[in-house]
Structure formats: structure tokens, C-alpha cells
Student: 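Dropping the structure in here first, questions after.
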Protein chains: 2
Amino acid sequence: MTLAAKPMYQQLKDLIIGRISSGDLRPADRVPSENELVEAMSVSRMTANRALRELTDEGYVERVAGRGTFVSDFRARSHVLEVHNIADEIQRRGHVHTCQVLRHSRQHARGEIAKALHVAQGIDVFHLLLVHFENGTPIQLEDRHIVADFAPECLEQDFRHVTPSAYLSAISPLQEAEQVVRAAQPNAAVRQRLLMADDEPSLVVIRRTWSHGRPVTFARLHHPGSRYELTGHYAPPGTPKSTTENVVELEKLQR
Amino acid sequence: MTLAAKPMYQQLKDLIIGRISSGDLRPADRVPSENELVEAMSVSRMTANRALRELTDEGYVERVAGRGTFVSDFRARSHVLEVHNIADEIQRRGHVHTCQVLRHSRQHARGEIAKALHVAQGIDVFHLLLVHFENGTPIQLEDRHIVADFAPECLEQDFRHVTPSAYLSAISPLQEAEQVVRAAQPNAAVRQRLLMADDEPSLVVIRRTWSHGRPVTFARLHHPGSRYELTGHYAPPGTPKSTTENVVELEKLQR
DNA sequence: TGGTCTAGCCTGTATATACAACTTGGTGAG
DNA sequence: CTCACCAAGTTGTATATACAGGCTAGACCA
């Protein structure tokens with residue numbers, strides 16, 4: 001915590017980000033114009049301009065000269081979410097996503113899970129075990145733990161139609177993520193759920209996601225090696241006009 | 001191509017990026033101060049400030065109040081390179097990197113390679129086959145093709161001490177990369193080179209890199225699944241002060 | 001009714017100016 | 001010689017102002 005007052009342009013940014021995070025401003029909603037901020041916040045237009053311009057660079061809002069400033073579509077901003085939501089990826093390929101819920105329960109965190117989520121042993125967590133299908137073929141086994149007090153309504157949720165990552169990001173913006181990718185030999189249970197051949201390796205993504213400074217969910221995502229791959233594209237920072245192209249986007253391809 | 005003149009702040013950015021790319025300004029070199037730009041370019045200080053501030057956000061330069069503006073360490077800007085260079089990763093862990101050159105030849109591009117590199121069949125390419133060791137244990141089999149006219153001195157290079165990616169980025173900044181990560185079952189040759197168990201899967205990274213708008217190198221990087229993983233960290237755009245934390249950094253962990 | 005035009009709002013950029021905070025090098029006092 | 005201090009240069013922020021250009025709704029005309 002710094003004691004120094006934040007600069008005004010940052011206060012404006014925080015204000016608007018707060019209204020977006022809280023749901024007060026939703027995607028496509030109109031954000032106050034520069035002149036409205038000038039009057040409401042008693043700042044100069046250049047200061048309001050800087051705040052809105054940086055929010056544009058960071059992907060929170062989009063601006064159209066002559067019309068105004070509007071909250072971005074969430075997916076445009078949160079690459080982390082884009083990575084998360086396998087349903088969207090499948091849909092983007094024009095395929096059909098279905099999901100089978102194998103487990104959906106409340107447990108006490110222990111061992112590795114408690115450690116990964118930075119909670120004490122025995123704290124309540126939800127455990128989800130789902131299989132995601134693309135056009136009827138199993139493509140991902142999702143083994144996820146969620147800190148219970150972050151998502152108290154979790155047990156009421158029907159995860160066949162809203163993926164856990166979409167559900168979690170609706171509760172609160174997922175702000176940071178850490179992931180590990182490895183090749184592994186799945187055990188028999190995983191192999192059976194994903195209809196994998198005996199000698200087929202799996203691609204495992206282990207991902208831990210933070211919200212408001214604390215880890216809230218820990219997921220192991222198993223994929224059949226013959227049917228799944230991660231692709232990434234790296235562009236240099238700055239050259240294109242939009243910063244949304246500056247960040248790695250990871251999406252999987254099939255076929 | 002837009003016919004409209006670029007805005008002045010963008011011209012300033014392009015100017016400075018050009019001086020960095022050309023080597024005229026090297027890491028830690030001092031960039032002209034705002035007031036120097038004001039005099040030299042006949043712009044207002046706010047315009048120079050915007051140019052330098054955005055270059056800071058994009059990782060090209062670092063600014064210190066009272067001292068000046070300095071070209072960033074290259075590694076801080078070019079995450080693509082950071083991903084490339086396995087020798088650096090190993091060294092960062094305090095381990096010893098060694099390298100064995102299995103093949104180092106000039107070939108005619110054909111089939112998949114020609115297609116990936118966007119060159120006609122039969123065009124000259126260099127082929128490299130290297131094994132990278134970490135503390136004496138093989139950790140990566142690098143199977144790389146390089147467009148010959150991009151790196152004409154390639155055959156003279158000793159890749160035991162300078163990795164191909166370091167060599168290539170020294171020739172010209174690698175500006176764009178595309179990669180695919182998959183789990184695979186390596187063939188016997190790969191398995192033998194990497195000292196892998198019979199049933200051990202491999203993590204394969206296939207990477208294609210662009211410079212000045214054309215693909216210049218195509219690499220298949222095989223890793224033993226039990227000894228290698230890719231880790232990534234995603235932070236939200238904007239919240240921290242440094243943009244270097246906003247971009248994915250991929251590095252591998254061992255043990 | 002249907003089309004055109006314009007006033008008004010909005011963003012995008014640029015300039016001139018001002019003050020605060022930080023860093024460095026030199027100056028002067030002890 | 002050493003320490004304290006100050007001046008100059010630098011970045012960081014903020015304001016007031018100006019003009020160009022995109023967009024839209026409503027006025028206006030045929």
C-alpha cells in the first residue's frame with residue numbers, strides 16, 4: 001500500500017474499472033464521455049482523455065469518435081478467460097459443445113489442493129469433475145476445485161450449460177492466472193473418460209486463477225494428445241494499433 | 001496503407017523504435033529527453049511525453065525521473081526471444097547448458113518445410129539438429145530449418161555456444177511467432193537422443209518465427225515429458241505499473 | 001413522405017504552461 | 001577533505017485551449 005495519493009487519471013481509471021467489475025457497467029454500455037467526466041470529477045479534459053485512452057489500450061473500453069466510449073465485450077479484454085472457456089473455443093469452430101457432470105460436491109480442502117488455493121486444511125471447497133465433448137467426442141476432462149466462499153452458490157449451478165470458467169468470471173473478474181502445460185501418461189480412469197488409446201499421451205494444463213489477490217480456483221485439464229493441441233501467436237508489442245493483439249492468445253485447434 | 005499522415009506522437013515513436021531496431025540505440029543507451037525532442041522535432045513537450053510514455057508501456061524504454069529515458073534490456077521487451085532461448089532458461093536456473101550438434105547442413109526445402117517457410121520447393125534452407133543438455137541430461141531436441149538467404153553465414157556458426165535462436169535474433173529482430181504445443185509419442189530416434197523411457201510421452205513445441213513480415217525459421221522442439229513442462233503467467237493488462245508483467249512469460253521448470 | 005443538411009456532441013490530436021518530485025553534479029561552508 | 005546544500009535537468013502530472021474529423025438526431029425542404 002502506498003500512502004501517496006494516486007494520480008487523478010488513475011483514480012478515474014479505477015473508478016470506471018470498478019463500475020465494470022461490479023456489473024454497474026456491462027459490455028456495450030456507454031461510459032461517461034470526457035466532458036461528462038470533466039464536469040462530474042472536476043478534472044481537465046486531457047486528464048479524462050488519458051484515463052479513457054489507457055482503458056482503451058488495456059482493452060476495457062472501446063471508443064468511437066462521434067459516438068462515445070463503450071464497455072468492451074468481456075472476451076476482448078480477458079485473454080485469461082478466453083483460454084478458460086472451452087465451450088467458446090468449440091463454438092468458434094462451429095462445433096457443438098456438450099458437457100457431462102461426473103462430480104459436483106462440497107469437500108474439505110486437503111494436501112495439494114489446500115496448498116494451491118492458499119487455504120488452511122479442512123476449509124470448504126467445491127469439487128467439479130466434468131467431461132467436455134466436441135461434436136460428441138470427449139475433448140477435455142476438467143478436474144476443478146473452487147474456494148467455497150468465493151462461489152457460495154456453486155452447488156446450485158448447472159454446469160452442463162455454463163462452463164465453470166464462465167460462471168466464475170461472472171462472479172468476479174479473474175485477474176491473474178498461472179498455468180503449467182505438460183505431457184503425461186493418463187491413468188486408466190482418465191483414459192476411459194476421454195476414449196483414449198492405450199498408448200496415447202495426454203496434454204495436461206494445470207491452471208490456478210486469482211481474483212482480488214487470492215487464488216480462487218485450481219483446475220487440471222486433461223486432453224487426449226491425438227485430438228488436442230495448444231496454439232499461440234506472439235506479436236511484437238506496439239506495432240499494431242491495438243494492444244489486444246499484443247498479448248498472447250492461446251487457443252486450441254483440432255483436426 | 002493509410003494515406004493519412006501518421007500523428008506526430010506516432011512518428012516520434014516510429015523514429016525511436018527505428019533507432020533501436022537498427023542498433024543505433026542499444027540497450028541502456030540514453031534516449032533523447034522530452035525537451036531535446038521538443039527542440040529537435042518542433043513538437044510540444046506533451047507530445048514528446050506521450051510518445052515516450054507509450055514506448056515505456058510497450059516495453060521499449062524505461063524512464064527514471066531526474067535521470068532520463070533509456071533503452072530497455074532487449075530481453076525485457078522481446079518475450080518471443082525469451083521463449084526461444086533454452087540456454088538462457090537453463091542458465092537462469094543456475095544449471096549448466098551444453099549442446100551437441102547432430103546435423104548442420106544446407107538442403108533444398110521441400111514439402112512441409114517449404115510450405116511452412118513460404119518458399120518455393122527447392123529453395124535453399126539450412127537444417128540444424130541439436131540436442132540441448134541441462135547439467136548433462138538431454139532436455140531438448142531441436143530440429144530447425146532456416147531460410148538460407150536470411151542467415152547466409154549460418155554454416156560458419158558454432159551452435160554449441162550460441163543457440164540458433166540467439167544467433168537468429170542477433171541477425172534481425174524476430175518480430176512474430178506462432179507456436180503449437182502438443183503431447184506426442186516420440187519415435188525411437190528421438191527417444192534415444194533424449195534418453196527417454198519406452199512409454200514416456202514427449203512435449204513438442206512447433207514454432208515458426210517471422211522477421212520483417214516473412215517466416216524465416218521453423219523449429220520442432222522435442223522434450224521429455226517427465227523432465228520438462230511449460231509454465232505461463234497471465235496478469236491483467238494495466239493494473240501493475242510495468243508492462244513487462246502483462247505479457248505471458250513462458251519458461252520451463254524442472255524437478 | 002422522403003431526402004438533405006446542419007447543429008451539436010464526441011473522440012483524436014496538438015500546443016503552451018505550470019508545478020511537483022527525483023537525480024546528479026557542482027558549489028561552498030565547516 | 002567531507003558534508004550539506006542548491007541549481008539544473010528530467011520525468012510525472014495537470015490544466016486550459018484549440019482545431020480536425022466522425023457520428024447522429026432533428027430541422028428543414030422538396
Side-chain angles (χ1 to χ4, degrees), chain A residues 2-16 20 25 28-72 76 238 240-244, chain B residues 2-16 19-20 25 28-72 76 238-244:
Chain A
T2 72
L3 294 178
K6 284 185 179 178
M8 202 59 214
Y9 75 93
Q10 186 62 53
Q11 292 183 40
L12 289 179
K13 289 175 63 179
D14 291 344
L15 180 89
I16 294 169
I20 294 175
L25 287 174
D29 279 358
R30 188 173 172 281
V31 173
S33 75
E34 296 182 358
N35 281 322
E36 287 167 352
L37 288 174
V38 165
E39 295 215 346
M41 300 282 108
S42 299
V43 296
S44 81
R45 194 176 80 100
M46 285 306 297
T47 301
N49 176 271
R50 176 168 179 185
L52 292 176
R53 177 158 39 83
E54 293 194 0
L55 288 176
T56 305
D57 292 340
E58 292 159 15
Y60 288 98
V61 301
E62 292 167 9
R63 314 193 73 191
V64 183
R67 284 181 16 91
T69 304
F70 304 89
V71 178
S72 293
K241 57 185 169 189
S242 148
T243 43
T244 64
Chain B
T2 72
L3 293 177
K6 284 186 180 178
M8 202 58 214
Y9 76 93
Q10 187 61 53
Q11 292 184 40
L12 288 179
K13 288 174 64 178
D14 291 344
L15 180 91
I16 294 168
R19 292 187 61 187
I20 294 174
L25 287 174
D29 279 359
R30 187 174 173 282
V31 173
S33 73
E34 296 182 0
N35 283 322
E36 288 166 351
L37 288 174
V38 166
E39 297 215 346
M41 301 282 108
S42 300
V43 295
S44 81
R45 211 203 106 191
M46 283 308 296
T47 301
N49 175 270
R50 177 168 177 182
L52 292 175
R53 178 156 39 83
E54 293 193 1
L55 288 175
T56 306
D57 291 340
E58 292 159 14
Y60 287 99
V61 301
E62 293 168 9
R63 314 193 74 191
V64 183
R67 284 182 18 91
T69 303
F70 305 89
V71 178
S72 293
T239 27
K241 56 186 170 190
S242 150
T243 43
T244 64

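Every chain is numbered from 1 and lettered A, B, ... according to where its sequence line falls, protein lines coming before strand lines.
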Student: CG of A:L55 versus C1' of C:dT11: gap in Å, rounded?
Tutor: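 A:L55 atom CG is separated from C:dT11 atom C1' by 15 Å.
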Student: Answer yes or no: is there an ion pair linking A:E62 with A:R67, defined by an N-O contact shorter than 4.0 Å?
Tutor: no
Student: With a 4.5 Å limit on heavy-atom distance, are the side chains of A:L37 and A:L52 in contact?
Tutor: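 Contact flag for A:L37/A:L52 side chains = yes.
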Student: Round to a whole Å and report the spacing from CD of A:Q11 to P of D:dT13.
Tutor: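 Going from A:Q11 (CD) to D:dT13 (P), I get 12 Å.
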Student: Expressed as a whole number of angstroms, how long is the span from A:N49:CG to D:dA20:P?
Tutor: 18 Å
Student: Between atom CG of A:L12 and atom CE of A:M41, what is the distance when rounded to the nearest 0.5 Å?
Tutor: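 The CG atom of A:L12 sits 7.0 Å away from the CE atom of A:M41.
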Student: Taking only the side-chain nitrogens and oxygens of B:Y9, find out if one of them lies under 4.0 Å from OP1 or OP2 of C:dT13.
Tutor: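 B:Y9 to C:dT13 OP1/OP2: side-chain N or O found under 4.0 Å.
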Student: Please give, in whole Å, the distance from D:dA14 C1' to A:K6 NZ?
Tutor: 18 Å
Student: Taking only the side-chain nitrogens and oxygens of B:T47, find out if one of them lies under 4.0 Å from OP1 or OP2 of C:dA14.
Tutor: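 Answer is no, no contact under 4.0 Å.
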Student: Rounded to whole angstrom units, what separation is found between the CZ atom of A:R30 and the P atom of D:dC23?
Tutor: 16 Å
Student: Tell me which of A:M8 and B:E34 sits closer to the 5' end of DNA chain D, going by the nucleotide each one is nearest to.
Tutor: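 Of the two residues, B:E34 wins.
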Student: Taking the side chain of B:N35 as heavy atoms from C-beta outward, which of D:dT11, D:dT15, C:dT13 is closest to it?
Tutor: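 For the B:N35 side chain, the nearest candidate turns out to be D:dT11.
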Student: Starting at atom CG of B:L37, determine the distance to atom P of C:dT15, rounded to an integer number of angstrom.
Tutor: 12 Å
Student: Looking only at N and O atoms, is any donor in the side chain of B:R50 or the base of C:dG12 less than 3.5 Å from an acceptor on the other one?
Tutor: no
Student: Tell me the closest heavy-atom pair linking A:S33 and A:R30, and the distance in Å.
Tutor: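 Answer, listing the atom of A:S33 first, then A:R30: CB-NH2, 3.7 Å.
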Student: Expressed as a whole number of angstroms, how long is the span from B:M41:CE to C:dT13:P?
Tutor: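 It is 20 Å, rounded to the nearest whole Å.
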Student: What's the verdict on side-chain hydrogen bond (donor to acceptor under 3.5 Å, both in side chains) for A:N35 and A:E39, showing C-alpha distance, side-chain angles and the deciding distance?
Tutor: CA-CA 6 Å; A:N35 281 322; A:E39 295 215 346; over 6 Å; no
Student: Using the closest heavy atom to pick a nucleotide of DNA chain C for each, name whichever of A:M46 or A:T69 lands nearer the 5' end.
Tutor: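 Its nucleotide being nearer the 5' end, the pick is A:T69.
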Student: Nearest to the side chain of A:S33, which nucleotide is it out of C:dC22, C:dC10, C:dT15?
Tutor: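 Output: C:dC10.
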Student: Taking N and O atoms by type only, does the side chain of A:R63 place a donor or acceptor under 3.5 Å from a partner on the base of D:dG22?
Tutor: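 No, no donor-acceptor pair under 3.5 Å.
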Student: Nearest to the side chain of B:R45, which nucleotide is it out of C:dA18, C:dA14, D:dG22?
Tutor: C:dA18
Student: To the nearest Å, give me how far apart NZ (A:K13) and P (D:dA14) are.
Tutor: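 My rounded result for the distance is 12 Å.
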Student: Want to settle it: does A:V43 or B:R67 sit nearer the 5' end of DNA chain D, counting the closest nucleotide to each?
Tutor: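 Counting from the 5' end, the first nearest nucleotide belongs to B:R67.
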